[in-house]
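A short worksheet on the structure shown next.
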Amino acid sequence: MYNSKIIGLGHYVPENVVTNDDLSKIMDTTDEWIQERTGIQERRWAKPGDGQSTFTMGLEAAKKAISNAGIEKEDIDLIVFATLSPDYYFPGPGVQIQEALEIDTVAALDIRAQCSGFVYSISVADQFIKTGMYKHILVIGSELQSHGIDKSTRGRSISVIFGDGAGAAVLTREEDLTKGILSTHIHSEGKHALELATEAPGMGTRWVTDIIKENDPNDFSYHPYMNGQFVFKHAIKRFSEVISEGLQKNNLEVSDIDMLIPHQANLRISQFIQKRFGLSDDQVYNNIQKYGNTTAASIPIALSEAHEQGKVNEGDTVVLAAFGSGFTWGSVIIKW
Ligand code: UT7
């Protein structure tokens, strides 16, 4: 039996910065509304036609994480890719990474747990390492949201929030069971699936041909929908529960947390959690101000940045926590 530990991190965001003022030119919104409700100042949106995709951004982040880990790409035994915005309906981008990295026939799988995708992926990777089946696992969270959202006033409550980007981590074995990933905790509640969802195209519901045949100008089922306040309330409840669950499992106190990296859903949610747990500003990392909500990419981007800035160090207790569409939620407790 082993623990797993993160030995490499990397992230990538498109160059194109979109400010709140930029958005107010294409829809009825204001910098004031967006900052007050979400804390977001700007986000990155890949430019249409520039060739960037969930896969290409994920690949950039993955290359950085592999280099940061100091391993060869040939050392990787498994690729786990989390996204809600794959390049193709199928297959998922995991196999595109395998092909691009030229790592012959290595296993690749895709995780569909939306904003909780990275936490779920770490949990999956952790199980493979614990059992000794694999030694090095590449975990990627990447999203290209900007091409799928409704950028008119109709879609403003969603489109101002989401951004593009990717983050990646390399996990390996840790023989000292008091170090590395101490535990992961993942949950779901499918009864709320359609409170935050993109319904179409779906094989079991409405396929592309149905949408084209009906040609209904009021059909926006192919854009994301979110019942914002409902999601907000559940997010606060589940974030709190799953952080507490992780701390209790490891006999840790809130004061033991050196760094909490919450999924960057909304700065107000992070601040609420910070206050509820009585954490100081130094104990919580937020970067939603710069990138918006990048769903499965938000935690690995934030973790990679925090690590680069020297805010995550050996011996630190690091907590990752996520909540999102599904609903899904989870946490990871790490002794760095
Ligand atoms: O990442 C996965 C998990 N996601 C989350 O946890 C997100 C949770 N939800 C939220 O973050 C917030 O609910 C939002 C940021 C999405 C929305 O904020 P809100 O404070 O809940 O606003 P609201 O949806 O209740 O809308 C309030 C008003 C409405 O106008 P009326 O009906 O009061 O006249 C909206 O039409 O704000 C209006 N509005 C906007 N106005 C300017 C909605 N979006 C915008 C906008 N600009 N972009």
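For the single chain, residues carry numbers from 1 onward in sequence order. Note that ligands are numbered from 1 as they come in the structure, with each ligand's atoms numbered from 1 the same way.
Atom CD of Glu32 has 12 or fewer neighbouring heavy atoms from other residues, nucleotides or ligands inside a 6.0 Å radius. Environment of NZ in Lys135: sparse, with no more than 12 heavy atoms of neighbouring residues, nucleotides or ligands closer than 6.0 Å.
A distance of 9.5 Å separates CD1 of Ile149 from NE2 of His223, quoted to the nearest 0.5 Å.
Within the set Ile269, Leu196, Ile236, Thr153, the minimum heavy-atom distance to atom 6 (O) of ligand 1 is found for Ile269.
Using a 4.0 Å cut-off between heavy atoms, Thr29 contacts ligand 1 through both its backbone and its side chain. Within the 4.0 Å heavy-atom criterion, neither part of Ile34 lies near ligand 1. Of all the heavy atoms of Cys115, the ones lying under 4.0 Å from any atom of ligand 1 belong exclusively to the side chain. With a 4.0 Å cut-off on non-hydrogen atoms, Phe232 touches ligand 1 through its backbone as well as its side chain. The proximity of Gln114 to ligand 1, defined as any non-hydrogen pair under 4.0 Å, does not occur for either the backbone or the side chain. Here Arg268 has no heavy atoms under 4.0 Å from ligand 1, in either its backbone or its side chain.
Atom 31 (P) of ligand 1 lies below 4.0 Å from none of the non-hydrogen atoms of the protein. Note that atom 34 (O) of ligand 1 has no protein non-hydrogen atoms nearby, at separations under 4.0 angstrom.
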Show the numbers, then the answer: is there a side chain to side chain donor-acceptor pair (under 3.5 Å) between Glu199 and Thr205?
-> CA-CA 8 Å; Glu199 285 190 43; Thr205 51; 6.0 Å; no
How far apart are the C-alpha atoms of Arg154 and Asp150, what are their side-chain angles, what is the distance that settles it, and do they pass the salt bridge (Lys or Arg N to Asp or Glu O under 4.0 Å) test?
-> CA-CA 7 Å; Arg154 191 182 54 221; Asp150 177 357; 2.8 Å; yes
Which is it for Ser123 and Asp126 under the side chain to side chain donor-acceptor pair (under 3.5 Å) test, yes or no, and what are the steps along the way?
-> CA-CA 5 Å; Ser123 185; Asp126 186 45; 5.8 Å; no
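At the shortest separation from atom 5 (C) of ligand 1 among protein heavy atoms lies Val231 CG1, 3.5 Å. Residue, atom and distance of the protein heavy atom nearest to atom 36 (O) of ligand 1 are Arg156 NH2, 3.0 Å. With respect to atom 27 (C) of ligand 1, the closest heavy atom belonging to the protein is Arg37 NH1, 3.6 Å. Counting protein heavy atoms only, atom 39 (N) of ligand 1 is closest to Trp33 CZ2, 3.4 Å. Atom 9 (N) of ligand 1 has as its closest protein heavy atom Gly228 O, 3.0 Å. Nearest protein neighbour of atom 1 (O) of ligand 1, counting heavy atoms only, is Asn293 ND2, 2.7 Å. Protein heavy atom in closest approach to atom 15 (C) of ligand 1: Thr38 CG2, 3.6 Å. Among all non-hydrogen protein atoms, the one lying nearest atom 25 (O) of ligand 1 is Gln229 NE2, 2.6 Å.
Checked by atom type, the side-chain pair Asp281/Gln274 shows a donor-acceptor distance below 3.5 Å. When only modelled atom types and interatomic distance are considered, Ser270 and Asn286 share a side-chain donor-acceptor pair under 3.5 Å.
Set against the non-hydrogen atoms of Asn266, the atoms of ligand 1 under 4.0 Å away are 10 (C), 11 (O), 15 (C). Close approach of ligand 1 to Val160 is summarised as follows: ligand atoms under 4.0 Å from at least one heavy atom of the residue are 48 (N). Heavy-atom contacts of Ser157 reach the following atoms of ligand 1: 16 (C), 43 (C), 44 (N) (cutoff under 4.0 Å).
Using a 4.0 Å cutoff on heavy atoms, Met27 does not count as a contact of ligand 1. For the pair Ile161 and ligand 1, a heavy-atom separation below 4.0 Å is found.
Between Phe239 and His263, the ring-plane angle classifies as parallel under the 30° and 60° cut-offs.
Counting heavy atoms from C-beta on, the side chains of Phe277 and Val319 never come closer than 4.5 Å. Val106 places none of its side-chain heavy atoms less than 4.5 Å from the side chain of Leu101. By the 4.5 Å heavy-atom criterion applied to side chains, Met57 and Pro14 are counted as neighbours.
In this structure, Arg173 forms a cation-pi arrangement with Tyr2, its terminal cationic atom sitting closer than 6.0 Å to the ring centre and no more than 45° off the ring axis.
Remark: ligand 1 and His263 share an N or O pair separated by less than 3.5 Å (distance only, no angle test).
With respect to Glu308 and Lys64, no salt bridge is recorded, no charged nitrogen being found less than 4.0 Å from a carboxylate O.
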